[in-house]
Chemist: 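A single structure is presented below for examination.
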Amino acid sequence: MSLMVLFMDLFLFVIIALIVLLFLATRLFRKKREQREIKSAGDKGEAYFNNMLKSILRDDDVLIRNVCLQKAEIDSLIINRNGIFIVEVKYYNGRLYGKSDDFEWTKEKVSPGGNVFYKQVKNPIKQIKRQTYILSQFLKENNIRIWISGYAYFINGNSPVDDESVINDIDELDRIIHTPGNKFYD
């Protein structure tokens, strides 16, 4: 093995160890959630996503779920030789309205009785940009420089915007996380 490959493997191990320690620390300080009889739509969406995700993860991929970092909860972190990938899972039923740079989007849902309901939801694109920034700052403070990118995965494919950070298909996520490139900073 060349020295560079050995260095990259050691570097990746240190990053994984740091994130695992961060994950464990957040678990210790997080308040216990009350058990619910019925899972929320978000929980169902994440469970569905995690089952799909298993089909594309490779042996050298590391998946960490539900990471809390400075009041930001990250649904999924995927770590591999290509970098760190934040994936925020959204399981919205109904129609969404909004733009990439809006603070909130509007969700429209029609009940079985035909009533129309509107609800404001956080813009997932803004959410992942914030999560990416927070994680990158944390790693920089610890002298770790690695590529981080964030994506919003819409299980129902109902994003109101066409944005490079929006994913509607598991094959697209597979391509993104497994395409080699210069993901480590010099």
Chemist: Donor-acceptor pair, distance only, cut-off 3.5 Å: does the side chain of Asn80 make one with the backbone of Asn82?
Modeler: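 Yes; judged by distance alone, with no hydrogens or angles, the pair exists.
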Chemist: Would you please indicate yes or no on a ring centroid separation below 6.0 angstrom for Tyr91 and Tyr48?
Modeler: no
Chemist: Just verifying a value: how many Å separate Gln127 CD and Glu73 CD, rounded to the nearest 0.5 Å?
Modeler: 9.5 Å
Chemist: Apply side-chain contact (heavy atoms from CB on, under 4.5 Å) to residues Val87 and Phe49 and explain how you reach the verdict.
Modeler: CA-CA 10 Å; Val87 183; Phe49 173 76; 3.6 Å; yes
Chemist: Start with the C-alpha gap between Ile84 and Ile15, add the side-chain angles, then the distance that decides, and say whether side-chain contact (heavy atoms from CB on, under 4.5 Å) holds.
Modeler: CA-CA 10 Å; Ile84 298 175; Ile15 290 169; 3.9 Å; yes
Chemist: Short question: side chain of Asn156, backbone of Asn158 - any donor-acceptor pair under 3.5 Å?
Modeler: no
Chemist: Linking I/L/V/M/F/W/Y whenever any side-chain heavy atoms sit under 4.5 Å apart, do Val110 and Leu96 land together?
Modeler: no
Chemist: Can you measure from CD1 (Ile148) to CD (Gln131) and round to the nearest 0.5 angstrom?
Modeler: 11.5 Å
Chemist: Evaluate the ring planes of Trp105 and Phe154, with Trp represented by its six-membered ring, and classify them as parallel (under 30°), tilted (30 to 60°) or perpendicular (over 60°).
Modeler: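 Judged by the thresholds at 30° and 60°, the geometry between Trp105 and Phe154 is parallel.
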Chemist: Might you confirm whether atom CZ of Phe103 has over 12 heavy atoms from other residues, nucleotides or ligands at distances under 6.0 Å?
Modeler: no
Chemist: List in chain and number order the residues that pass ring-ring contact (aromatic ring centres under 6.0 Å, His included) with Tyr151, two or more places apart in sequence or in another chain; answer none if no residue qualifies.
Modeler: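 Listed in chain order: nothing, the list is empty.
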Chemist: Would you say Val89 and Ile155 make side-chain contact, with heavy atoms under 4.5 Å?
Modeler: yes
Chemist: Scan residues 100-126 for pairs that pass salt bridge (charged side-chain N to carboxylate O under 4.0 Å, His left out), counting only residues two or more places apart or in two chains.
Modeler: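 Residue pairs passing salt bridge (charged side-chain N to carboxylate O under 4.0 Å, His left out), neighbours aside: none found.
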Chemist: Report the distance from atom CD1 of Ile128 to atom OG of Ser165, rounding to the nearest 0.5 Å.
Modeler: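 Between atom CD1 of Ile128 and atom OG of Ser165 there are 4.0 Å.
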Chemist: Hey, could you give me the CD1/CZ distance between Ile74 and Arg130, rounded to the nearest 0.5 Å?
Modeler: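 These two atoms lie 9.5 Å from each other.
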Chemist: For Asp60 and Arg81, indicate whether the former's side chain and the latter's backbone hold a donor-acceptor pair under 3.5 Å.
Modeler: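 No; zero donor-acceptor contacts below 3.5 Å.
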Chemist: For the atom pair OG (Ser159) and OH (Tyr92), what is the distance rounded to the nearest 0.5 Å?
Modeler: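 That separation rounds to 10.0 Å.
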Chemist: Could you go through the side-chain contact (heavy atoms from CB on, under 4.5 Å) check for Leu63 and Ser76 one step at a time?
Modeler: CA-CA 7 Å; Leu63 171 64; Ser76 298; 4.0 Å; yes
Chemist: Report the distance from atom CG of Leu139 to atom CD1 of Ile134, rounding to the nearest 0.5 Å.
Modeler: 12.0 Å
Chemist: Could you walk me through whether Ile64 and Ile79 satisfy the side-chain contact (heavy atoms from CB on, under 4.5 Å) test, starting with their C-alpha distance in whole Å, then the side-chain angles of each, then the deciding distance to 0.1 Å, before giving a yes or no?
Modeler: CA-CA 8 Å; Ile64 304 173; Ile79 306 163; 4.1 Å; yes
Chemist: Ignoring hydrogens, what is the shortest heavy-atom contact between Ser100 and Ile125? Give both atom names and the distance.
Modeler: OG-CD1, 4.0 Å
Chemist: Considering only distance and modelled atom types, tabulate donor-acceptor pairs under 3.5 Å from the side chains of residues 169-178, sequence neighbours left out.
Modeler:
from   : atom 1 : to     : atom 2 : distance (Å)
Asp169 : OD2    : Asp171 : N      : 2.8
Asp169 : OD2    : Glu172 : N      : 3.1
Asp174 : OD1    : His178 : ND1    : 2.6
His178 : ND1    : Asp174 : O      : 3.1
His178 : NE2    : Asp61  : OD1    : 3.4
His178 : NE2    : Asp61  : OD2    : 2.6

Chemist: Pick one: which of Ile167, Val166, Leu53 meets side-chain contact (heavy atoms from CB on, under 4.5 Å) with Tyr153?
Modeler: Ile167
